[in-house]
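Just so it is clear: chains get the letters A, B, ... in the order the sequence lines come, proteins before strands, and each one is counted from 1. Just the heavy atoms: all of them, side chains too, but no hydrogens, waters or symmetry mates, feed the values below.
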Amino acid sequence: MADATYTRPFSERYSHWILLSPALLILFVAAFGPLFIVLIYSFLTAGDYGGVVWSFSTDAWFNVFAERDMFDDTLGFADAHLAIFWRSFRLAAVTTVVALIFGFPTAYFIATRPPKQRNLWMLLIMVPFWTNLLIRTFAIMELIRNEGVVNSLLMAMGVINEPIQMLYTDFAIMIGMLYVYLPLMVLPIYASLERFDFALVEAAYDLYANRLRVLWRVILPVTKPGIIAGSILVMIPALGAYVTPRVLGGGKRMMLGNLIELQFGQGRNWPLGAALSITLLAIVMIALMVYVRSAGREEVSHG
Amino acid sequence: MARSRSFDVRRQAGFPAVAITCFILLYLPIILLVVYSFNAGKSIAIWEGFSVQWYLSAWENEKVQDATIRSLIIATCASLIATSAAVMAALATTRSPKFKGHSVVFAMINQPLLIPEIVTAVALLIFFAMIKVATGYTGLWYLILAHSAFCIPFAYMPIRARLQGMDLTLEQAAADLYGTPLRVFRKVTLPLLWPGILAGAMLAFVISLDDVVITEFVKAAGQDTLPTYMLGQLRRSVTPEVNAISTVLLAISVTMVVIYFILSQRKN
């Protein structure tokens, strides 16, 4: 079609860059670019009333993991910070696992409905997901607080005499995160299962497998990419959760997000907040790279 | 294939029960929230009769009015900006052959989905603080810009999906008839793309309306949106007024999502 010596005009050759420029510009200014400033800030000194003093310092990075005792100047681990790191990992991991336990059967159920129904079921799963995160967290708070529905019901039925303290515990945070992120686990697993040809399952039954073996050796390996994707989709926001621990954990049970926020509020240590943010970002990037690697390997092994 | 046996190969023990339980548990807290917004009493757990008093008091609450207007302004502006940028970006990434760096571009467009919101929030807080010191401007445009940025991937997805599903031969025929790419776009691509654009705009609107974390960090004192107002309220005494506001927001979100769903189901 094209003449060999035909060269397209400049505007046509780079038209896609021109079209992309508004989006990329907005994203660079208000999403991507400021991250570099955060990195720079993590190497500055904290100002007395918040903000920074423009002098180089590695104090912030030091304080992420370690601290110097005020009285005898000994070096030690920043226990408070490490406890928060640990809580974040723990809660994010537990949430992911529980989400998998609940999410896999749910995705399986939807995928095995008649094709016409499936979109409707998926809509049902996704509608809560698109509602406000704060509202969903608040709804959970209503349920589990001491004067809330669950406790009132249990007391009215005479099962307990005093309200069970569920709010402001690690359990509350986990329930909240599970409630918020469950659809994210269901979606990729459903996508995997929908493409799955159940004739393979029939063949397995013909070979005298029982239901458990069919599940373990046929269905699960095929849905592994979906499971990994779902786990990443739950784990990453859970690690950086802010609203849910703030509302359901009270002030005392902080996760990484709350610790970061503290530095920009009462903590008045912007460089430390910046360093913590970069740390969180690094963890997320590593998790994403692990996912991309494993997804790539999957394709190779099934080739 | 004839299903002569009653043994369904796809049935797994217990799965439907778990699934149905999940659905119930997913909707139960929200339903309770909505129900208690009509509570005649002040408590959010003890039912005392039906009343719409909380809706009325929220309606008359000046801070709520202020926050609502601000939320709507930001959401509308951000949705318009994000959708426009997303349309162009979608055209660029689906109509051209794979250009160099296209996967980097793809990652950049979807970046708000990949990075935890709090990291972006902190970055914008710092960056805008610098600009505030330099220019003294403290208006709404920080928030609008921030919202536009994270709305772009949400507007981009349905538009791109629609573009990829469109029949290219129509555009090629139009190119033969109409000539310039701009006319082809106006006369052929745009009308066909319209449901996707609308879906993207609505999704962006909902996402902006619902945002809590980035707004909380970027806003100046007194610049509350509806979600940040509610977040503040949750720290103090909680009355069913929060339920009422939540129910209204829920209604908006659900309506938009359902319309979006219908729009994205329609074929040409």
Side chain, backbone, both or neither: which part of A:Ile219 has a non-hydrogen atom closer than 4.5 Å to chain B? side chain
Can you see which heavy atom on A:Leu27 is nearest to which on B:Ala149, and at what distance? CD2-O, 3.4 Å
Check whether A:Val186 gets within reach of chain B through its side chain, its backbone, both or neither, counting any heavy atom under 4.5 Å. neither
For A:Ala30 against B:Thr120, the heavy-atom pair lying closest together: O-CG2, 4.3 Å
Mind checking whether A:Phe109 and B:Ile20 have side chains closer than 4.5 Å, heavy atoms only? yes
What part of A:Ile26 gets within 4.5 angstrom of chain B, counting heavy atoms only: side chain, backbone, both, or neither? both
Could you state the interatomic distance from OG1 (B:Thr21) to CZ (A:Phe102), rounded to the nearest 0.5 Å? 7.5 Å
One option among A:Val29, A:Ile101, A:Leu133 has the most heavy-atom pairs under 4.5 Å with chain B, and it is A:Val29
Of A:Tyr179, A:Trp121, A:Tyr242, the largest count of non-hydrogen pairs under 4.5 angstrom with chain B goes to A:Tyr179
Heavy-atom pairs under 4.5 Å with chain A - which of B:Ile126, B:Val119, B:Ile118 has more of them than the others? B:Ile126
What part of A:Tyr41 gets closer than 4.5 Å to chain B, counting heavy atoms only: side chain, backbone, both or neither? side chain
Would you indicate whether the side-chain heavy atoms of B:Ile115 and A:Leu35 approach each other to under 4.5 Å? yes
Heavy-atom pairs under 4.5 Å with chain B - which of A:Arg246, A:Glu261, A:Arg136, A:Met122 has more of them than the others? A:Arg246
Go through the atoms of A:Ile260 and report whether side chain, backbone, both or neither lie under 4.5 Å from a heavy atom of chain B. side chain
Only pairs under 3.5 Å count here: list side-chain donor-acceptor contacts from residues 248-259 of chain B, not counting sequence neighbours, and write none if there are none.
| residue | atom | partner | partner atom | Å |
| --- | --- | --- | --- | --- |
| B:Ser253 | OG | B:Leu249 | O | 3.2 |
| B:Thr255 | OG1 | B:Ala251 | O | 2.5 |

Just verifying a value: how many Å separate A:Glu142 CD and B:Ser246 OG, rounded to the nearest 0.5 Å? 8.0 Å
Using non-hydrogen atoms only, which part of B:Ile152 is less than 4.5 Å away from chain A: side chain, backbone, both, or neither? side chain
Do the non-hydrogen side-chain atoms of A:Leu134 and B:Leu234 ever get within less than 4.5 Å of each other? yes
Cut-off 4.5 Å, heavy atoms of chain B, and the answer for A:Ile125 is both
Name the region of A:Asn151, side chain, backbone, both or neither, that has any atom closer than 4.5 Å to a heavy atom of chain B. neither
Indicate yes or no for a side-chain donor-acceptor contact from B:Tyr27 to the backbone of A:Leu124 under 3.5 Å, with no hydrogens or angles considered. yes
Is B:Glu216 close to chain A through its backbone or its side chain, or both, or neither, when contacts mean heavy atoms under 4.5 Å? side chain
Under a 4.5 Å heavy-atom cut-off, does chain A meet the side chain of B:Phe154, its backbone, both or neither? side chain
Please flag which part of B:Phe217 lies under 4.5 Å from any non-hydrogen atom of chain A: side chain, backbone, both or neither. side chain
B:Ile109, part contacting chain A, at a heavy-atom distance under 4.5 Å: both
Is A:Thr106 close to B:Phe23 at the side-chain level, that is, under 4.5 Å between some pair of heavy atoms? yes
Interatomic distance, A:Phe138 atom CZ to B:Ile30 atom CD1 [nearest 0.5 angstrom]: 12.5 Å
